[in-house]
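Below: the structure, in structure tokens.
Ligands are counted one by one from 1 in listed order, and the atoms in each one are counted from 1 as well. It should be emphasised that the depicted structure is a prediction, and the values quoted were computed from it without experimental measurement.
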Amino acid sequence: MMDQIKIEAPAKINLTLKVVAKRLDGYHDLETVMQQIDLCDEIIIESVDEGIEVNSNNSEVPVAEANLAFKAARLLCERIGVTRGFRIFIDKKIPLGAGLAGGSTDAAAVLRGLNQILDFPLDLQTLLELGLQVGSDVPFCIVGGTALARGRGEILESLSLGPHLELVLVNPPLQISTAEVYHDLKLAELNDQPDNGAFLEAWYRCDIIGLAAHMKNDLETVSVVKYPGISEIKDRLVSLGALGTFMSGSGPSVIGIFGNRQMASKAWQTIKEVYQESFLVSSYIKDKGGIINA
Ligand code: ATP
């Protein structure tokens, strides 16, 4: 058994997000294209004698029970009946509460990392089941890349051979509650929902302009109306050359898609003067499954 592993945990964005129905269990059925981007937390897992311990360089990241990475580690250890312990360090780079699945991706990295440290006792299906118990976005974060997700996000269809995306991501200093956004959503009144079929056609043609036209999020009908700051960022990104803009998850992160890296970089140089938390990002390339060293 190896003693330590370092693993990348990439952020997730929603290229489209269509809310299909409210379910009896309180969750919503979605149809959403999810994409990993190269803005990553770094997770170090060390094998110790006993207990699960989580620490981070960011003091706002909860430790123990409240941390999704902790929950994931405990679930996996209980499932396998592991008697030893693990010390987990989260080097936080993904902004918190931004609609970027920061906690979910840490949980996914811990599940994959622990499974590797323990010499692969669980198959992918079991890891996905454990992941879903931690959160709706965790199964996607385990599979990674780009995927069309249905249900709560657990029915995944990986999309291959698409274009490489050049993006500018802006996270304005707003606190948005995901629960509140879903509560305020008026599903019956949505009349211009994302067309995932058209999005996928553009995806497989690698048609960036077509994609940009179909990047859309139903939750914007709540967040953009409630927080005018979000449409200000969208307008600014367009004036800086974005082909399209969209919000990720329940926000507040806003993303602009650009024709190439150079244009994205130029826009980022300007917008970061106004919005401190702005990032120049691309599609995450899965190399060695994100394992940095083992
Ligand atoms: P989502 O898009 O999945 O709704 P998010 O990206 O908006 O999530 P997170 O960054 O996951 O939000 O953080 C939301 C809250 O979850 C944080 O404020 C924090 O209290 C809690 N949390 C639990 N585990 C973690 C973790 N590993 N990293 C960051 N936040 C975590």
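Side-chain contact between L30 and V20 is absent, with no heavy atoms from C-beta onward closer than 4.5 Å. At a threshold of 4.5 Å between non-hydrogen side-chain atoms, the residues K12 and D137 count as touching. At a threshold of 4.5 Å between non-hydrogen side-chain atoms, the residues V63 and N67 do not count as touching. In this structure, the side chains of Y227 and P172 stay at 4.5 Å or more apart for every pair of heavy atoms. Counting heavy atoms from C-beta outward, E277 and V170 have side chains that stay 4.5 Å or more apart.
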| Criterion side chain to side chain contact (heavy atoms under 4.5 Å, CB included) on E166 and Q262, from CA distance to verdict | CA-CA 9 Å; E166 301 296 354; Q262 204 183 355; over 6 Å; no

| message | Go through it in stages, so that I can follow the logic: the residues are N191 and E189, the test is side chain to side chain donor-acceptor pair (under 3.5 Å), and I'd like the CA-CA distance, side-chain angles, deciding distance and then a yes or no. | response | CA-CA 6 Å; N191 51 20; E189 291 174 20; over 6 Å; no

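Atoms of ligand 1 lying under 4.0 Å from any heavy atom of K92, numbered from 1 in the order shown and given with element: 28 (N), 29 (C). Counting the atoms of ligand 1 from 1 in the order shown, those under 4.0 Å from a heavy atom of A66 are 23 (C), 24 (N). For ligand 1, the atoms closer than 4.0 angstrom to any heavy atom of D106 are 26 (C), 27 (N), 28 (N). Interface atoms of ligand 1 facing D137, defined by a heavy-atom separation under 4.0 Å, are 3 (O). In the vicinity of T178, heavy-atom distances shorter than 4.0 Å reach the ligand 1 atoms 4 (O).
Closest non-hydrogen pair, P194 versus L17, comes out as CG-O, 3.3 Å.
In terms of polar-atom proximity, defined here as any N/O pair under 3.5 Å, L68 does make such a contact with ligand 1. Residue L100 places at least one N or O, backbone or side chain, under 3.5 Å from an N or O of ligand 1. Below 3.5 Å of separation, one finds an N or O of G97 facing an N or O of ligand 1. Checking only distances, L96 never comes within under 3.5 Å of ligand 1, N or O to N or O. For ligand 1, the polar-atom distance check finds no N/O of E60 at less than 3.5 Å from any of the ligand's N/O atoms. Ligand 1 has no N or O atom lying under 3.5 Å from any N or O atom of I90, backbone or side chain.
Side-chain N/O atoms of S47 and D3 include no donor and acceptor closer than 3.5 Å. No donor-acceptor contact under 3.5 angstrom links the side chains of R79 and T126, judged on distance only.
Ligand 1 lies out of reach of G249, whose nearest heavy atom is not under 4.0 Å from it.
K216 and D192 are joined by a salt bridge, as a carboxylate oxygen and a charged side-chain nitrogen come within less than 4.0 angstrom of each other.
Between atom 5 (P) of ligand 1 and the options A9, A179, G99, S248, the minimum heavy-atom separation is to G99.
Protein heavy atom nearest atom 31 (C) of ligand 1, with residue, atom name and distance: P62 CD, 3.9 Å. The nearest heavy-atom contact from the protein to atom 6 (O) of ligand 1 is A101 N, 2.8 Å. If you check which protein heavy atom lies closest to atom 11 (O) of ligand 1, you get G103 N, 2.8 Å.
Neither the backbone nor the side chain of S56 has a heavy atom within less than 4.0 Å of ligand 1.
Remark: atom 16 (O) of ligand 1 lies closer than 4.0 Å to no protein heavy atom.
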